[in-house]
Q: 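First the structure, then my questions, so here it is.
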Amino acid sequence: HSNLGGGGPDGGPATLLISPAGAMPEGGRVDLQISAEDYREGNASENGCFHGFCGFNVLADTKAQVTFTLFHTGTRRRAVVSEFSITFFDLDEGRLDWRHTYVVGSGFDAFHVSEKSRVMGIAADGATEFWVMEHKGRASSLPPDPHHLTEAQREEAFTLTFRGVSSFNLTMGVSGPRAGRQIGRA
């Protein structure tokens with residue numbers, strides 16, 4: 001189901017639903033529902049799940065407060081998981097080279113980047129802002145399989161891990177140029 005922010009391409013609730021999104025160690029599966037406040041899509045037809053990846057885009061010069069909530073598959077009963085990791089691939093500026101796409105997160109227990117990562121970060125006010133340095137948005141950015149990455153794709157990916165959660169929030173947006181420092185491995 002893909003209707004994040006009510007922009008389509010599907011109808012129904014204004015969410016993106018990934019079902020199933022994972023398995024519980026004690027058995028059973030979980031769904032991931034993504035909802036957003038103040039979300040404006042750049043191109044709603046690109047939102048959804050394709051070839052093992054799920055994603056959505058954000059309109060330039062906007063940001064959204066995005067909530068990720070886990071439910072037991074097929075129910076509205078929240079699922080608390082011992083650990084949930086989310087990996088970001090292909091954060092880019094698209095055709096507008098001077099902009100950057102960013103993710104601001106807090107409350108995560110760990111983050112992971114490759115040894116030669118081009119993911120940048122600044123920590124302030126209990127949150128960390130992440131973005132990819134010098135990424136120009138190319139067709140080869142998104143890997144065909146999340147388990148088989150080129151070196152360049154590994155350098156632009158990062159993972160946030162949350163423990164003991166049923167939901168978490170991130171701010172995602174696209175804005176003007178950014179300077180920062182490279183973040184290290186967690």
Side-chain angles (χ1 to χ4, degrees), residues 1-22 30-81 84-96 99-109 111 119-132 135 137 141-142 146 156-176 178:
H1 170 82
S2 179
N3 189 28
L4 188 62
D10 299 333
T15 62
L16 175 62
L17 180 65
I18 303 163
S19 179
V30 294
D31 294 344
L32 177 62
Q33 177 183 283
I34 303 170
S35 58
E37 291 182 31
D38 302 321
Y39 172 71
R40 294 178 56 201
E41 74 279 348
N43 182 352
S45 68
E46 294 179 359
N47 295 348
C49 297
F50 312 95
H51 311 291
F53 293 92
C54 296
F56 57 92
N57 60 61
V58 179
L59 185 66
D61 296 320
T62 69
K63 67 181 179 180
Q65 305 302 318
V66 183
T67 300
F68 298 79
T69 306
L70 296 160
F71 294 98
H72 292 276
T73 295
T75 73
R76 298 297 301 158
R77 191 169 45 103
R78 289 175 79 147
V80 176
V81 295
F84 185 85
S85 294
I86 184 168
T87 300
F88 294 88
F89 298 95
D90 195 27
L91 291 182
D92 64 44
E93 310 88 0
R95 294 179 294 261
L96 303 171
R99 299 180 195 275
H100 80 279
T101 302
Y102 62 89
V103 175
V104 178
S106 63
F108 54 89
D109 294 285
F111 70 89
V119 175
M120 307 297 280
I122 291 180
D125 300 324
T128 303
E129 178 178 343
F130 298 94
W131 71 95
V132 176
H135 180 94
S141 298
L142 188 60
E156 296 177 356
F158 67 96
T159 301
L160 300 178
T161 300
F162 298 84
R163 294 190 179 102
V165 299
S166 65
S167 71
F168 55 93
N169 299 301
L170 300 172
T171 300
M172 303 177 79
V174 181
S175 69
R178 195 77 167 117

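Throughout, residue positions are numbered sequentially from 1 according to the sequence presented.
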Q: Can you list everything that forms a salt bridge (Lys or Arg N to Asp or Glu O under 4.0 Å) with R78? Sequence neighbours excluded, please.
A: none
Q: So, do M172 and F88 sit near enough that their side-chain heavy atoms are less than 4.5 Å apart?
A: yes
Q: Taking the six-membered ring of F71 (Phe, Tyr or Trp), confirm whether the NZ or CZ of R77 is under 6.0 Å from its centre and within 45° of its axis.
A: no
Q: Between S167 and T69, is the side chain to side chain donor-acceptor pair (under 3.5 Å) condition met? List the steps.
A: CA-CA 4 Å; S167 71; T69 306; 4.7 Å; no
Q: Would you say the rings of F89 and F53 are close, in the sense that their centroids are separated by under 6.0 Å?
A: yes
Q: To the nearest 0.5 Å, what is the distance between OG1 (T67) and CD1 (I34)?
A: 10.5 Å
Q: Answer yes or no: is there a donor N or O on one side and an acceptor on the other, between the side chain of H1 and the main chain of G48, under 3.5 Å?
A: no
Q: What pair of heavy atoms forms the shortest contact from S85 to T159, and how long is it?
A: CB-CG2, 3.8 Å
Q: Given side chain to side chain contact (heavy atoms under 4.5 Å, CB included), test I18 with C49 step by step and report yes or no.
A: CA-CA 8 Å; I18 303 163; C49 297; 3.7 Å; yes
Q: Answer yes or no: is there a side-chain heavy-atom contact under 4.5 Å between I86 and F68?
A: yes
Q: Test side chain to side chain contact (heavy atoms under 4.5 Å, CB included) on F84 and R163; report intermediate values, then the result.
A: CA-CA 6 Å; F84 185 85; R163 294 190 179 102; over 6 Å; no
Q: Applying side chain to side chain contact (heavy atoms under 4.5 Å, CB included), run through I122 and T128 and close with a yes or a no.
A: CA-CA 6 Å; I122 291 180; T128 303; over 6 Å; no
Q: Between T171 and Q65, what is the shortest heavy-atom contact and its length?
A: OG1-OE1, 2.8 Å
Q: Atom CZ in F158, atom CZ in F111: separation rounded to 0.5 Å?
A: 10.0 Å
Q: Considering non-hydrogen atoms only, spot the tightest contact between G6 and A14 and give its length.
A: N-CB, 3.4 Å
Q: Can you tell me how the ring of F56 sits relative to the ring of Y39, calling it parallel under 30°, perpendicular over 60° and tilted otherwise?
A: perpendicular
Q: Return the minimal non-hydrogen interatomic distance between S19 and D31, and the atom names on each side.
A: OG-OD1, 2.8 Å
Q: Check whether any side-chain heavy atom of L170 lies under 4.5 Å from a side-chain heavy atom of L160, and answer yes or no.
A: yes
Q: V30 and V81: which non-hydrogen atoms are nearest, and at how many Å?
A: CG1-CG1, 4.3 Å
Q: So, applying side chain to side chain contact (heavy atoms under 4.5 Å, CB included) with N47, which one of N57, N3, L16, D10 is it?
A: N57
Q: Could you pull out the closest heavy-atom pair between G8 and A44, with the gap in Å?
A: O-CB, 3.6 Å
Q: Compute the centroid of each ring, for F162 and then for F168, and state whether the two points are separated by less than 6.0 Å.
A: yes
Q: Could you tell me whether a side-chain N or O of T15 sits under 3.5 Å from a main-chain N or O of L17, the two making a donor and an acceptor?
A: no
Q: For side chain to side chain contact (heavy atoms under 4.5 Å, CB included), just list the numbers for R40 and K63, CA-CA rounded to whole Å, side-chain angles, deciding distance to a tenth of an Å, and then say yes or no.
A: CA-CA 8 Å; R40 294 178 56 201; K63 67 181 179 180; over 6 Å; no
